[in-house]
**Q** 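This structure is in structure tokens; I'll ask about it shortly.
Count residues from 1 along the sequence. Computation of the quantities below employed the complete heavy-atom set of this structure, encompassing side-chain atoms and omitting hydrogens, waters and symmetry-equivalent molecules. All ligand and atom numbering here is 1-based and tracks the order in the structure.
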Amino acid sequence: AGIVATGAQAQTYPTRPITMIVPFAAGGPTDVIARIVGEHMSRTLGQQIVVENVAGAGGTTGITRGAQSQPDGYTIMMGHMGTHGAAPALYPKLKYDPTRDFAPIGMAGGTPIVIVAKKDFPANDLKTLVDHVKASGEKVNMAHAGVGSVSHASGTFFSSVIKAKPTMVAYRGTGPALNDLMAGTVDFMTDQIVNVAPQIQGGNIKAFAIATPERSPALPDVPTTKEAGLEGYQVSPWNAIFAPKGTPPEIVKKLNDALLKALDDENTKKRLLDLGGVLPTASERTPEGLQKLVESEVARWTPVLKAAGVTAE
Ligand code: MLT
């Protein structure tokens, strides 16, 4: 923490552009959500929200920087189920506690996981993909965005559900990973729908199943994992906005108010829904609701990842 903004500053906030740290490379799902929601928030706040991509260590590098920034409302961050759910189980020396070191603002969007593969992957349904991945062992490569990322946590969970051990290939975000998937230089991954939906619709990669109870309206032909015979694989990631701990309540309220207006804006909603995003519920959009979610997600992912024998250090 640092100098806490005075009451007067909180009243006039914001008087200059706001930095939003996205802890992954540009073009990935977290970046996409940040830019869509941030654009409308800028209008309400009357100041530009400038996205800064700070990649590395599965998103924990950027979030650590955000957690240690001045709690004055001028540095916020887009975290998610990885950085604020899985990371503590994977990084014993993590420099932040997702449940204590932030002023939660609210959830920006749900991003269901889709199992995708390169176009010439030798399978056209989930059962054949699973058989091929199990038979190939480490000869098949799974892309992810670093230990602690959503794609890594959901990929590790997938591998443990199907009892396989593919080679895990790390990228600075699933934006760059998707480029290699389209080039065919990496085999498959479990990624957030807002990243892969356009490439699935464009026929540049293959989709096998979506890990949610219902199909996505954005990908009506992609079966659920239950329909495809892997009911045990359900993952519903989310991306959410956080400010550093100690951010004055009036500033948290202004940021939350701008988020609520963005999520009620027809054009913003359409952009998120067209990519397969899921709009947060009313309680998920509140600081209190997000705090509860972070606490439950840290509790949920810790045993799953420990059972899978994964740590980053
Ligand atoms: C990204 O934006 O690249 C993703 O959120 C990375 C991930 O968590 O898999």
Side-chain angles (χ1 to χ4, degrees), residues 20-38 51-66 76-91 94 98 107-117 141-159 166 168-182 186 188-199 205 210-211 235-242 271-272 275-278 293-294 297-298 300-301 304-305 308 310 312:
M20 182 187 285
I21 293 175
V22 167
F24 294 97
T30 302
D31 189 64
V32 162
I33 297 262
R35 290 176 196 273
I36 290 174
V37 172
V51 168
E52 187 182 344
N53 298 88
V54 181
T60 58
T61 302
I63 296 298
T64 299
R65 184 188 304 180
I76 58 178
M77 56 212 104
M78 187 65 81
H80 65 15
M81 186 185 81
T83 62
H84 284 74
L90 299 160
Y91 291 91
L94 191 60
M107 187 192 292
T111 51
I113 285 289
V114 187
I115 302 164
V116 292
N141 295 332
M142 177 193 269
H144 64 87
V147 176
S149 66
V150 161
S151 48
H152 180 272
S154 55
T156 301
F157 179 38
F158 179 73
S159 301
M168 305 282 279
V169 180
Y171 291 80
R172 295 174 67 76
T174 49
L178 182 58
N179 291 338
D180 274 6
L181 201 68
M182 288 193 284
V186 74
F188 78 111
M189 71 175 167
T190 59
D191 194 20
Q192 296 168 77
I193 192 167
V194 296
N195 190 34
V196 294
Q199 300 310 335
I205 56 174
I210 185 166
V235 197
S236 291
W238 42 272
N239 286 260
I241 300 175
F242 296 88
R271 291 173 71 189
L272 289 169
L275 289 171
V278 177
L293 177 70
V294 169
E297 288 284 78
V298 170
R300 177 170 78 99
W301 277 103
V304 169
L305 294 163
V310 188

**Q** With the criterion set at N/O pairs under 3.5 Å, what does the list of contacts between the protein and ligand 1 look like, atom names and distances included?
**A**
unit_1   : atom_1 : unit_2 : atom_2 : d
ligand 1 : 2 (O)  : Pro29  : N      : 3.4
ligand 1 : 2 (O)  : Thr30  : N      : 3.0
ligand 1 : 2 (O)  : Thr30  : OG1    : 3.2
ligand 1 : 3 (O)  : Thr174 : N      : 2.8
ligand 1 : 3 (O)  : Thr174 : OG1    : 3.4
ligand 1 : 5 (O)  : Thr30  : OG1    : 2.7
ligand 1 : 5 (O)  : His80  : NE2    : 3.3
ligand 1 : 5 (O)  : Gln192 : NE2    : 3.1
ligand 1 : 8 (O)  : His80  : NE2    : 2.7
ligand 1 : 8 (O)  : Val150 : N      : 2.8
ligand 1 : 9 (O)  : Ser151 : N      : 2.9
ligand 1 : 9 (O)  : Ser151 : OG     : 2.5

**Q** Could you pull out all residues at least two apart from Arg172 that satisfy side-chain contact (heavy atoms from CB on, under 4.5 Å)?
**A** Ala25, Ala55

**Q** If the condition is side chain to side chain donor-acceptor pair (under 3.5 Å), which residues does Ser151 pass it with, not counting sequence neighbours?
**A** Ser149

**Q** How would you list, by chain and number, every residue that makes a side chain to side chain donor-acceptor pair (under 3.5 Å) with Thr156, sequence neighbours excluded?
**A** none

**Q** I need the minimum non-hydrogen distance between Trp301 and Ala86, along with the two atoms involved.
**A** CB-CA, 4.0 Å

**Q** Just wondering, do Thr174 and Pro29 contact through their side chains at under 4.5 Å, heavy atoms?
**A** yes

**Q** Of Leu293, Ile33, Val278, Ile241, which meets side-chain contact (heavy atoms from CB on, under 4.5 Å) against Met107?
**A** Leu293

